[in-house]
Every structure is written in C-alpha cells, then in structure tokens.
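Comments concern the structure below.
The structure presented is a predicted model; accordingly, all values stated were derived computationally and were not measured. Here is the naming used below: chain letters follow the sequence lines, and residue numbers restart at 1 for every chain. Scope of the values below: all heavy atoms of this structure, side chains included, with no hydrogens, waters or symmetry mates.
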Number of protein chains: 2
Amino acid sequence: MAYLEVGTRGQGAVAARGGAPVCASVATSFSDFGGKAVHYDTHAVIYYEGDPAKRLYELVRGSVMLYKLLPDGRRQVVEVLQTGDIFGLANGDENDCTAETLTDATVQEVDLRHVEQSNDLQRTLARCLSNQMRGLHEHAVLLGRKSALERVASFLMHLVPDRGGIDCAGPADPDNDSYDLRLFMTRQEIADYLGLTIETVSRVISDLKRRGVIRVDKADRIHLNRVCSLCQMTGMH
Amino acid sequence: MAYLEVGTRGQGAVAARGGAPVCASVATSFSDFGGKAVHYDTHAVIYYEGDPAKRLYELVRGSVMLYKLLPDGRRQVVEVLQTGDIFGLANGDENDCTAETLTDATVQEVDLRHVEQSNDLQRTLARCLSNQMRGLHEHAVLLGRKSALERVASFLMHLVPDRGGIDCAGPADPDNDSYDLRLFMTRQEIADYLGLTIETVSRVISDLKRRGVIRVDKADRIHLNRVCSLCQMTGMH
DNA sequence: CGACAGCTTGATCGGAATCAACTTTAGTGG
DNA sequence: CCACTAAAGTTGATTCCGATCAAGCTGTCG
C-alpha cells in the first residue's frame with residue numbers, strides 16, 4: 001500500500017509541433033495556440049501535487065495518469081488520460097494531483113497566462129473539461145458502489161473501443177466477439193485506479209481466466225474471448 | 001440499497017433575477033447572460049439522467065446533488081453542489097446524472113445554444129468546471145481509499161468554512177474550537193455520497209458522539225466540539 | 001393518539017484486505 | 001548464453017471492516 005517512490009523527471013526534446021489531436025469533436029487543438037510539444041519517458045513525472053501550476057497541458061500522444069497520495073502512502077489514481085485530454089488546470093495556484101506518464105508521451109504545453117487571454121482556448125477547455133467530468137462521475141460510481149469483479153470488468157471494457165456504452169454496437173461479427181488489448185498499467189496502478197489491492201486485482205483476473213472470459217497471454221496482453229460476457233459483469237446491465 | 005423513488009418535479013415561479021452568485025472569484029455570473037431564474041422545492045428533480053440536455057444551470061441559492069443509478073438500484077451521489085456551481089453540461093446530448101435539490105433552490109437556467117455563442121460564458125464555464133474537477137478528484141480519494149470513519153470525518157469537515165484545507169487557519173479561539181452545523185442531507189443521501197450504507201454512517205456518527213468529538217442535537221443539527229480532533233480523523237494528516 | 005418515515009442499535013455474514021510464500025518475467029553482467 | 005538478481009505477479013490462509021438482516025427507537029404530522 002505504501003507508495004513513496006519518487007518518479008524520475010523525464011526531460012525530453014522539444015519538437016517543433018505535435019500531432020493533430022482533437023478533444024472530442026473540437027477542431028481547435030492546443031498546438032494551434034503556440035506553446036511547445038514536450039516528450040516524456042515512461043513513468044516520468046510531469047509535475048507533482050502541490051507544485052505551483054504554471055502551464056496547461058494537452059496529451060498529444062501516449063498515456064498519462066493523475067493521482068493523489070494520502071500522507072500514509074495510500075494512493076488513488078483519479079484519472080487515466082486519453083489523447084486530447086487536458087490537465088494541469090488547478091484553480092488556485094497549486095496542482096491538485098501528480099501527473100505521471102504510463103507510456104512515452106508527447107504533451108503540448110501552454111503557459112497559463114496565455115490560456116487566460118484566448119477565447120478559443122477557453123472554449124476548447126470548457127469542452128474538454130466537461131468531457132472529463134463525465135468520466136469522473138462514472139468513476140465515482142465504480143469506486144463507491146461496484147464490487148471488485150465489476151470494477152475490473154468495467155476497467156477492461158473501457159479499453160474496448162465502441163463497446164459497453166449506451167450506444168454499444170454489439171459484436172461486429174456475432175460468431176467472434178473477441179478483442180485483443182494491451183495494458184499500459186501495472187497491477188499496482190490498476191489497483192490504485194480501481195480502489196482495490198494488487199492481490200484482489202490479480203485474483204479477479206485469474207477468476208475471469210478460469211471462467212473462460214479472458215485469456216492472459218502476457219501480464220499486459222489480454223485477449224477477451226467474449227466481450228459481451230465481460231460487459232454483463234460491469235454492473236451496468 | 002434499492003433506491004427507486006421518483007422525485008416530484010418542482011415547478012417554481014420564475015423570478016426576474018437571481019442573487020449575485022459568483023463562481024470562485026469570477027465576476028461574471030449566469031444571471032448577466034439572460035436565461036431565467038427558476039425556483040425548485042426540496043427534493044425536486046431538475047432533470048433525469050438520460051434526459052436530453054437542453055440548458056446549462058447555475059446554482060444561485062440552496063443545495064443540489066447529482067447522482068447516478070445502477071440498474072439494480074444502487075445509487076452514487078457524485079457531487080453535492082455549492083452556490084455558484086454549474087451543472088447540466090453533458091458532452092453529447094444526454095445528461096449523465098440526475099440533478100435533485102436537497103433544499104429549496106434557485107437555479108439560473110441558460111439555453112445551451114446561448115452558451116455556445118458567448119465567450120464570457122465559456123470562460124466562466126471553464127473556471128467553474130476546473131474548480132469542480134478538484135472536488136471530484138478529492139472525492140475519488142475518499143471513495144477509493146478512505147475508511148468509513150475517515151469518510152464521515154471528511155464529509156463533516158467540508159461543512160466547516162475555512163478549515164481542513166491546506167490553508168487551514170486553525171481555531172479562531174484556541175479555547176473554543178467548536179462549530180455548529182446543519183445537515184441538509186438525510187442519512188441515506190450521506191451514505192450514497194460517501195459510498196457507505198445508512199447503518200454504517202449512523203454507527204460512525206454514534207461513535208464520534210461516544211468519543212466526545214461531536215454532539216448530535218437533532219439528527220440534522222450537529223455540534224462539533226473539537227474541529228481539530230475531527231480533522232485529524234480525515235486521513236489527510 | 002396512532003402511523004409512518006427516518007434513524008439507531010445489535011447479531012451475523014461475507015468480500016476484500018492483509019500477511020506470507022511462491023512463481024514468473026525482465027534486466028544485468030560475467 | 002546462462003547465472004544471478006530484482007521486480008512484478010500469483011496464490012493461499014487468515015483477519016477484519018463494512019454490508020446485510022432484523023428489531024427497536026424517535027420525532028413528525030394527521
């Protein structure tokens with residue numbers, strides 16, 4: 001439970017321009033507003049909880065998690081960010097979370113003063129934040145009301161595109177409702193995201209394996225045999 | 001656990017203009033941008049999860065909670081809104097939560113199309129959302145990592161102004177570190193907010209009473225004898 | 001006064017945490 | 001390439017906190 005490792009700060013090269021990420025269906029991206037694209041290594045800390053907030057960040061490539069620590073070392077991962085998500089926005093002047101990469105990542109960084117002045121940036125910001133807010137609401141349900149099995153099932157379903165939502169398409173091929181996915185998080189990170197212990201996460205995964213719902217090729221390579229079955233276990237059906 | 005009561009829709013009178021609420025330190029308020037102020041009774045549903053999102057709401061007076069239900073009736077209260085908070089913003093076209101008043105409340109309602117067009121509204125929006133986001137992050141820590149006692153202690157501390165934060169002032173009078181507060185939520189609502197059962201909330205409150213940390217005058221009137229002692233129990237020290 | 005909703009308290013149960021080995025994988029250097 | 005080591009993951013035994021089940025209590029309103 002005690003998690004007191006101090007991540008190494010990844011100081012990457014400054015690229016001329018990031019990709020062309022979009023936040024939801026917003027055409028405007030951070031890269032259109034100046035700032036600089038910065039590359040971070042895996043498990044690099046972009047900033048620490050409590051650091052003065054100087055910039056706004058947009059995830060352009062890769063994966064980043066935000067987490068908070070309690071003084072005794074308990075950790076809660078509060079968000080796992082997707083491409084296009086915005087972070088570093090702390091009302092007040094201190095970051096409320098630590099931001100750490102899960103993979104190599106490219107981040108577009110814009111000075112906060114610059115953000116203040118741009119109507120377009122404010123608009124993009126509002127769009128992205130309300131999007132992220134929905135994710136946080138759903139995560140609160142997971143943390144507050146779901147069983148360990150439901151949490152892990154929900155977590156895995158989130159990694160399957162176009163499935164599990166209200167607008168779930170159902171299996172593309174009714175005879176082969178399978179999907180291969182790669183986990184970019186360790187068991188510890190998953191546990192801290194789902195509000196469980198590493199042992200419980202491991203046990204639930206083994207249980208899903210035993211039931212034939214998934215196949216674990218390597219610890220981070222998981223084959224979902226029946227996406228629909230897994231979806232039934234999320235507590236949302 | 002099953003919570004399938006359907007709230008009565010409160011249809012209040014339309015006032016000419018709301019108060020002068022501010023979101024954090026933002027000067028602009030919704031009432032400056034047209035729309036209408038609507039009054040709702042206690043326990044009135046403003047909108048349901050899944051309803052088409054047509055307007056943006058700003059809480060001007062009173063208290064509102066947002067919650068989500070699982071199909072089997074499990075409920076999670078995801079936010080308890082304060083004056084100045086904004087809600088009803090669903091990316092996509094459906095509300096992701098149900099909004100229900102905890103008290104009589106006045107709400108400033110603005111058409112979403114109107115919001116799209118106003119730079120000032122977008123700016124206010126971004127400000128408020130990032131503020132609410134911080135609250136959601138802290139709540140995720142509570143739900144994912146805190147014990148029942150820590151949850152209840154954290155909940156009560158949130159109701160004491162200027163205490164418990166990083167910038168906690170400490171007791172104004174060192175000889176009298178007490179505070180009187182009124183709960184606007186039933187035990188069930190508190191339980192659903194804290195991810196606990198009604199019995200556990202009740203037991204923790206009784207335990208705090210036994211320990212002399214609080215005094216319960218009526219179920220919804222609580223006197224904190226020693227704010228600092230309570231704060232020590234939040235898990236954040 | 002009686003009825004009902006909200007709250008409290010007690011007894012018991014169960015799911016996830018904890019504690020402790022053990023296994024597997026990845027990384028290092030001879 | 002393989003031996004060694006460290007880190008990550010799995011599995012088992014046990015404990016414990018909070019859920020569940022079941023009464024009883026309290027305050028409010030007709």
Sorted by chain and residue number, the salt bridge (Lys or Arg N to Asp or Glu O under 4.0 Å) partners of A:Asp180 (sequence neighbours excluded) come out as none
Those residues that, when tested against A:Arg187, pass side-chain hydrogen bond (donor to acceptor under 3.5 Å, both in side chains) (two or more places apart):
none
Could you list the donor-acceptor pairs under 3.5 angstrom formed by side chains in residues 205-213 of chain B, with sequence neighbours left out?
residue, atom, partner, partner atom, Å
B:Ser206, OG, B:Ser202, O, 3.1
B:Asp207, OD1, B:Arg210, NH1, 3.4
B:Asp207, OD2, B:Arg211, NE, 3.4
B:Asp207, OD2, B:Arg211, NH2, 3.3

Separation of B:Glu189 atom CD from C:dA5 atom P, in whole Å?
16 Å
For the pair A:Phe155 and A:Tyr193, name the ring-plane relationship: parallel under 30°, tilted 30 to 60°, perpendicular over 60°.
perpendicular
Take nucleotides 24-30 of chain D nucleotide by nucleotide from the 5' end and write B, S or -, depending on whether a protein heavy atom sits under 4.0 Å from the base, only from the sugar-phosphate, or from neither.
----S--
Rounded to 10°, tell me the angle between the two end axes of the helix from C:dC1-D:dG30 to C:dG30-D:dC1, each built from five pairs.
40°
Any side-chain N or O of A:Thr197 under 4.0 Å from OP1/OP2 of C:dA17?
yes
Sidechain-backbone polar pair: B:Lys146 side chain, B:Val141 backbone, donor-acceptor under 3.5 Å
no
Test side chain to side chain donor-acceptor pair (under 3.5 Å) applied to B:Gln82 and B:His158, step by step:
CA-CA 11 Å; B:Gln82 305 304 319; B:His158 270 293; over 6 Å; no
Rounded to the nearest angstrom, tell me the gap between atom CD1 in B:Ile190 and atom C1' in D:dG18.
17 Å
Counting only side-chain heavy atoms from C-beta out, which of C:dC7, D:dA19, D:dG9 sits nearest to A:Ala219?
D:dG9
d(B:Leu143 CG, A:Arg145 CZ) to nearest 0.5 Å is 9.0 Å
Side-chain H-bond candidate by donor/acceptor type, A:Asn225 with A:Ser178, under 3.5 Å:
no
Whole-Å distance between D:dT10 C1' and A:Asp220 CG?
16 Å
Give me the residues of residues 199-207 of chain B where at least one heavy atom lies under 4.0 Å from an atom of DNA chain C, by number, or none.
B:Glu199, B:Ser202, B:Arg203, B:Ser206
Nucleotide C:dT9, atom C1' - distance to CZ of B:Arg187 in whole Å:
14 Å
For B:Arg221 and C:dG6, what is the distance between atoms CZ and C1' respectively, to the nearest whole Å?
17 Å
To the nearest Å, how far apart are A:Ile198 CD1 and C:dA20 P?
17 Å
Look only at the side chain of A:Glu138 and the backbone of A:Gly135, and say whether a donor-acceptor pair between them is shorter than 3.5 Å.
no
If I take atom CE in residue B:Met185 and atom C1' in nucleotide C:dG6, what distance separates them, rounded to the nearest angstrom?
15 Å
Euclidean distance, A:Arg74 CZ relative to A:Asp192 CG, rounded to 0.5 Å:
12.0 Å
Using whole Å, report how far CG of A:Leu208 lies from P of D:dT11.
12 Å
Distance only, no hydrogens: is a donor on one side chain within 3.5 Å (strictly under) of an acceptor on the other, for B:His137 and A:Glu49?
no
